[in-house]
Amino acid sequence: MYNEAKQMYASIGVDVEQALTVLAETPISLHCWQGDDVVGFEEGAGALGSGLAVTGNYPGKARSIDELRQDLEQVLGLLPGNHRLNLHAIYGDFGGQKVDRDAIEPEHFQSWIDWCKSQSIGMDFNPSNFSHPKADDGLTLSSPDAGTRDFWIEHCKRSRRIAAEMGKQLGSPAVTNVWIPDGMKDLPADRQSFRQRLSDSLDAIFAEGLDPAHNIDAVECKLFGIGSESFVVGSHEFYMGYAQKHQTALCLDAGHFHPTEGIADKISSVLMYVPELLLHVSRGVRWDSDHVVLFDDQTQAIMQELVRCDALPRTHIGLDFFDASINRIAAWTIGTRAAQKSLLLALLEPRQALREAELSGDYTTRLALLEQAKALPWSAVWAEFCQRNGAPGELELLGKVKDYEKSVLSKRA
Ligand code: RNT
Ligand code: ZN
């Protein structure tokens, strides 16, 4: 089937082997937080808060670093290609000690770095400006209280240094993504002063020059959240401007815009003015921004744009979803594979023919080619990719997930 598919694609000018090479070389950064419902390993960790909410109580979630690593190894084995780990600061290896956010050190993450080394994968990192008494009023870097701001500035500064250490040791830069929950449930009286304080706090955080070979800074916007329905300080316009002015990477989360607004169309514009892009591939459903990613129109459109704009070399693809109502290994794996399948489909487009049709004004041909592409045997190419990379094909995946559930997850109380 693969050989037939390859010939069929060759007849419309698509080099399938080339597509598979790009697919293999494009890592997806696996978000650690799908494995334990965004709880982390801080001593005395409290409830998830700051507008983040996980629903569901499917049994078998990881309760320790060892269990999370065991689950991640399982997930990595179910994915074709080489990926990365995206860690939040609350997932440090604190050895049973209470280490507050403004006291985290690279040593608390050394065992993760070692684990990633053993898996031959890179790492990305995130300060955790949520689920903490100093974030209970929904304000961190933009808080009117200087002590609160300083606390979170210190946390973010340390996070950057930790990320740089990860990047240095692993030989691949870590993307440090700053997302904060700051906002308001009801109408603010003075939006400007919150945004000014956020801008000043970010300046303080990014003041220390770090080697871009080790650390890449990104900032993530949001339109609204639970408890910040009327106002989010770090809006799209805010961070677009900030990232442009300071030449940081911009993070676009697919679930952070109006319900019918996709991020695909933004990519070509953003990359004209900011050096790099971080994606949080996610799926918004009504008020939730974090459903498991699917092989759907939105995800396909995002990947199409990355390929069509030659944006892959300047884009870091991460995931951001958390579902506790289904098997968490399945959620991770299905979501990541959906992103990869979407990328493959994009790589198999008859790009040259599409561009020629468009440039000559032949929109009939353009439309016909796009519809035709959907009917071509891309799934035979995907099956080949899985096989070559030692990952299960679509028909074997569920069985593998269930086996692991039976032998490992079901034994967790
Ligand atoms: C929240 C942001 C943020 C978080 C993670 C846990 O709306 O999307 O990226 O989901 O950092
Ligand atoms: Zn996100």
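Numbers here simply count residues along the sequence, with the first being 1. Order of appearance sets the numbers: ligands from 1, and atoms from 1 within every ligand. Not measured: the values here are computed from a predicted model.
Applying the ring pair (Phe, Tyr, Trp, His ring centres under 6.0 Å) definition to pairs two or more places apart or across chains, those involving residues 272-316 are Phe295-Trp378. Within the structure, ring pair (Phe, Tyr, Trp, His ring centres under 6.0 Å) contacts touching residues 140-165 (residues at least two apart or in different chains) are His132-Phe151, His132-Trp152, Trp152-His155.
With hydrogens and angles disregarded, a donor-acceptor distance shorter than 3.5 Å links the side chain of Glu396 to the backbone of Gly393. Checked by atom type and distance alone, the side chain of Thr21 pairs as donor or acceptor with a backbone atom of Glu17 at under 3.5 Å.
In this structure, His256 and Trp179 have tilted ring planes: the angle between them lies in the 30° to 60° band. Ring pair Phe238/Tyr242 is parallel by interplanar angle, where below 30° counts as parallel and above 60° as perpendicular.
A cation-pi geometry, defined here as NZ or CZ lying under 6.0 Å from the six-membered ring centre and within 45° of its normal, holds between Lys266 and Phe257.
Within the sub-2.8 Å shell of the Zn ion (ligand 2), the protein contributes these N/O/S atoms: Glu220 OE2, Asp253 OD2, His280 ND1, Asp320 OD2.
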Ligand-protein N/O pairs under 3.5 Å (ligand 1):
| unit_1 | atom_1 | unit_2 | atom_2 | d |
| --- | --- | --- | --- | --- |
| ligand 1 | 7 (O) | Lys222 | NZ | 2.6 |
| ligand 1 | 7 (O) | His256 | NE2 | 2.9 |
| ligand 1 | 8 (O) | Glu220 | OE2 | 2.9 |
| ligand 1 | 8 (O) | Asp253 | OD2 | 3.0 |
| ligand 1 | 8 (O) | His256 | NE2 | 3.0 |
| ligand 1 | 8 (O) | Asp320 | OD2 | 2.7 |
| ligand 1 | 9 (O) | Glu220 | OE1 | 2.7 |
| ligand 1 | 9 (O) | Glu220 | OE2 | 3.2 |
| ligand 1 | 9 (O) | His280 | ND1 | 3.2 |
| ligand 1 | 9 (O) | Asp320 | OD2 | 3.0 |
| ligand 1 | 10 (O) | Asp320 | OD1 | 3.2 |
| ligand 1 | 10 (O) | Asp320 | OD2 | 2.7 |
| ligand 1 | 11 (O) | His88 | NE2 | 2.7 |

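Using modelled atom types, one finds no donor on one side chain facing an acceptor on the other under 3.5 Å when comparing Glu165 with Gln110.
The side-chain heavy atoms of Leu23 and Phe385, taken from C-beta on, include a pair separated by under 4.5 Å.
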